Amino acid sequence: MDTAMNAAIVGCGYVGTAVARHWQAQGLSVLATTTRPDRVDELSAVADSVAVLRGDELEKVRSHLADRQVVLVCVGSKRGASYGDTYLKTAQTLAQVLPESGIQQLIYTSTCSVYGQHQGAWVTEVTPAAPTTENGEIIAATEQTLLSVDTDTLSQRVCILRLGGIYGPGRTLENIYGRIAGTTRAGSGAESSNWVHLEDIVSAIDWVRQHRLGGLYNLVQDEILPARELVDKVCRQHGLAAVTWDPAQPSGRAYNARVSNAKLKATGYRFIRPSFQL
């Protein structure tokens with residue numbers, strides 16, 4: 001039990017709420033932040049305290065993180081919201097707060113989509129980010145803003161976890177792909193599908209915290225299937241209408257790579273769900 005450790009979770013959506021619940025059960029004192037006052041009661045059930053703030057509110061962020069040793073940043077952009085406001089401004093605020101704080105570790109949940117278009121080839125953490133969309137460029141800039149303040153000393157670490165597609169309770173592959181059941185999709189469906197289950201996201205975040213890891217790590221499960229194969233399996237398993245593919249139409253997908261998780265596994269982490277359980 002980590003009874004002496006204070007943690008903050010900046011952005012308590014699907015992932016942040018699950019981590020808050022896990023950390024509180026382990027005995028950490030958890031502060032959850034949200035931009036929505038209507039979520040305070042809900043988050044009070046999984047956190048010791050709740051603060052309503054935006055990531056660009058420097059003094060509020062500084063004040064609320066003053067006594068925290070670990071900070072998890074898993075903000076999400078609400079529909080119609082600016083990626084720059086949601087992600088980059090939050091990172092810029094934290095970059096100001098971090099050097100003057102007692103924070104020992106900051107963990108940021110990013111996305112593997114920053115790798116961009118590699119025509120299905122393998123990528124690792126040393127592969128340069130090459131986002132193909134404006135939002136992807138903002139996420140890459142957010143990563144660099146946070147990593148730029150990482151001195152990699154024993155006193156302070158910054159760790160970026162690049163997540164694959166997220167699935168789990170309440171966000172099942174059946175529900176995700178059920179929306180396209182019976183439709184015709186552009187392309188051949190050959191693009192690689194990199195996914196990670198919520199259980200492993202929570203577990204890996206805690207692994208990073210316990211081992212004080214710094215730098216970049218990919219967080220995707222072992223099994224990577226072509227999109228067509230995965231969609232076909234999900235539809236058959238759950239009795240959904242089959243999806244057809246039209247190779248004559250360009251898919252327009254800006255991200256296609258097989259993402260390696262070897263670096264994270266080399267630290268000793270073992271996936272709870274290394275493959276799909278449909």
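Here the structure is a predicted model, which is why all the values come from computation and not from measurement. Just so you know, residue 1 is the first one in the sequence shown, and it goes up from there.
Cluster membership for Tyr115 and Ile224, using ILVMFWY side-chain heavy atoms within less than 4.5 angstrom, is not shared. Two different hydrophobic clusters hold Phe271 and Val259 under the rule that ILVMFWY side chains link at heavy-atom gaps under 4.5 Å. Under the 4.5 Å side-chain heavy-atom criterion for ILVMFWY residues, a single connected hydrophobic cluster contains both Tyr217 and Val15. Put simply, Leu88 and Val158 are part of the same group of oily side chains (I, L, V, M, F, W, Y) that touch within less than 4.5 Å, one to the next.
With no hydrogens or angles considered, no side-chain donor-acceptor pair links Asn261 and Tyr269 at under 3.5 Å. At a cut-off of 3.5 Å, with distance as the only test, no side-chain donor of Thr132 or Gln117 sits close to an acceptor on the other residue. A donor-acceptor contact closer than 3.5 angstrom is absent between the side chains of Tyr255 and Thr133.
Ser148 places a side-chain N or O within 3.5 Å of a backbone atom of Thr145 that can act as its donor or acceptor partner. Arg162 places no side-chain N or O within donor-acceptor distance of the main-chain N or O of Thr111, the cut-off being under 3.5 Å. With hydrogens and angles ignored, the 3.5 Å screen pairs a side-chain donor or acceptor of Arg39 with a backbone N or O of Cys12. Panel note: side chain Asp246, backbone Thr184; no donor-acceptor pair is recorded below 3.5 Å. Between the Gln69 side chain and the Met5 main chain, no donor and acceptor come within less than 3.5 Å of each other. Side-chain atoms of Thr86 do not come within 3.5 Å of backbone N or O of Gly76 as any donor-acceptor pair.
Considering Leu225, Asn256, Val220 in turn, Asn256 is the only one that fulfils the side-chain contact (heavy atoms from CB on, under 4.5 Å) rule with Ser192.
Side-chain contact between Leu147 and Tyr108: absent, with no pair of heavy atoms (C-beta onward) separated by less than 4.5 Å. At least one side-chain heavy atom of Leu58 sits under 4.5 Å from a side-chain heavy atom of Val97. The shortest side-chain heavy-atom distance between Ile205 and His22 does not fall under the 4.5 Å cut-off.
Taking every heavy atom of both residues into account, Ala190 and Pro226 meet most closely at O-CB, 4.0 Å. In this structure, Leu230 and Ser193 approach most closely via the heavy-atom pair CD2-CB, 3.9 Å. The nearest pair of heavy atoms linking Gln105 to Leu213 is NE2-O, 2.7 Å. Closest approach of Arg212 to Gln104, counting heavy atoms only: NH2-O, 3.0 Å. Between Ser203 and Ile272 the shortest heavy-atom distance is CB-CD1, 3.7 Å. The shortest heavy-atom contact between Gly11 and Cys74 is O-SG, 3.1 Å.
Residues meeting the side chain to side chain donor-acceptor pair (under 3.5 Å) test with Trp245, sequence neighbours left out: none. For Arg36, the salt bridge (charged side-chain N to carboxylate O under 4.0 Å, His left out) criterion is met by Asp38, not counting sequence neighbours. Here Asp85 pairs with Lys89 under the salt bridge (charged side-chain N to carboxylate O under 4.0 Å, His left out) rule; sequence neighbours left out. Listed by chain and number, the residues in a ring pair (Phe, Tyr, Trp, His ring centres under 6.0 Å) with Tyr87 are Tyr83 (sequence neighbours excluded). For His118, the ring pair (Phe, Tyr, Trp, His ring centres under 6.0 Å) test picks out no residue, with sequence neighbours left out. Shown here are the salt bridge (charged side-chain N to carboxylate O under 4.0 Å, His left out) partners of Arg228, two or more places apart in sequence or in another chain: there are none. Here Asp67 pairs with nothing under the salt bridge (charged side-chain N to carboxylate O under 4.0 Å, His left out) rule; sequence neighbours left out.
Each salt bridge (charged side-chain N to carboxylate O under 4.0 Å, His left out) pair with one or both residues in residues 256-278, not counting sequence neighbours, appears once here: Glu199-Arg273, Asp222-Lys265. Within the structure, every pair that satisfies the salt bridge (charged side-chain N to carboxylate O under 4.0 Å, His left out) test and touches residues 91-120, not counting sequence neighbours, is listed here: Arg62-Glu100.
Residue Ser110 holds its OG atom at 8.0 Å from CG of Leu216, rounded to the nearest 0.5 Å. From Ser113, atom OG reaches atom CG of Leu163 across 10.5 Å, with rounding to the nearest 0.5 Å. Expressed to the nearest 0.5 Å, how far CG of Leu146 lies from CG of Leu106 amounts to 6.0 Å. Rounding to the nearest 0.5 angstrom, the gap separating the CD atom in Glu134 from the CD1 atom in Ile139 is 11.5 Å. The structure places CG of Leu94 at 6.5 Å from CG of Leu65, a figure rounded to the nearest 0.5 Å. Here Phe276 contributes atom CZ and Gln237 contributes atom CD; the two are 13.0 Å apart, rounded to the nearest 0.5 Å.
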Which donor-acceptor pairs under 3.5 Å do the side chains of residues 167-181 make with protein atoms, sequence neighbours left out?
unit_1, atom_1, unit_2, atom_2, d
Tyr167, OH, Gln221, OE1, 2.9
Thr172, OG1, Asn175, N, 3.1
Thr172, OG1, Asn175, ND2, 3.2
Glu174, OE1, His238, ND1, 3.3

Under 3.5 Å, which donor-acceptor pairs do the side chains of residues 43-52 form with other protein atoms, sequence neighbours left out?
unit_1, atom_1, unit_2, atom_2, d
Ser44, OG, Val40, O, 2.7
Asp48, OD2, Val30, N, 2.7

Please list every donor-acceptor pair under 3.5 Å in which a side-chain atom of residues 122-131 meets a protein atom from a residue at least two apart or in another chain.
unit_1, atom_1, unit_2, atom_2, d
Thr124, OG1, Val126, N, 3.3
Glu125, OE2, Asn218, N, 2.7
Glu125, OE2, Asn218, ND2, 3.4
Thr127, OG1, Thr124, N, 3.0
Thr127, OG1, Thr124, O, 3.2

Handout entry: side chain to side chain contact (heavy atoms under 4.5 Å, CB included) assessment of Val75 paired with Val73
Key = CA-CA 6 Å; Val75 294; Val73 183; 4.3 Å; yes
Exercise for the section: Test side chain to side chain contact (heavy atoms under 4.5 Å, CB included) on Thr33 and Val61 and set out the steps. Expected result: CA-CA 10 Å; Thr33 82; Val61 172; over 6 Å; no
Exercise for the section: Tell me, with the steps shown, if Asp206 and Gln26 meet side chain to side chain contact (heavy atoms under 4.5 Å, CB included). Expected result: CA-CA 10 Å; Asp206 202 45; Gln26 286 188 311; 3.1 Å; yes
Handout entry: Working for side chain to side chain contact (heavy atoms under 4.5 Å, CB included), residues Thr267 and His211
Key = CA-CA 9 Å; Thr267 69; His211 292 81; over 6 Å; no
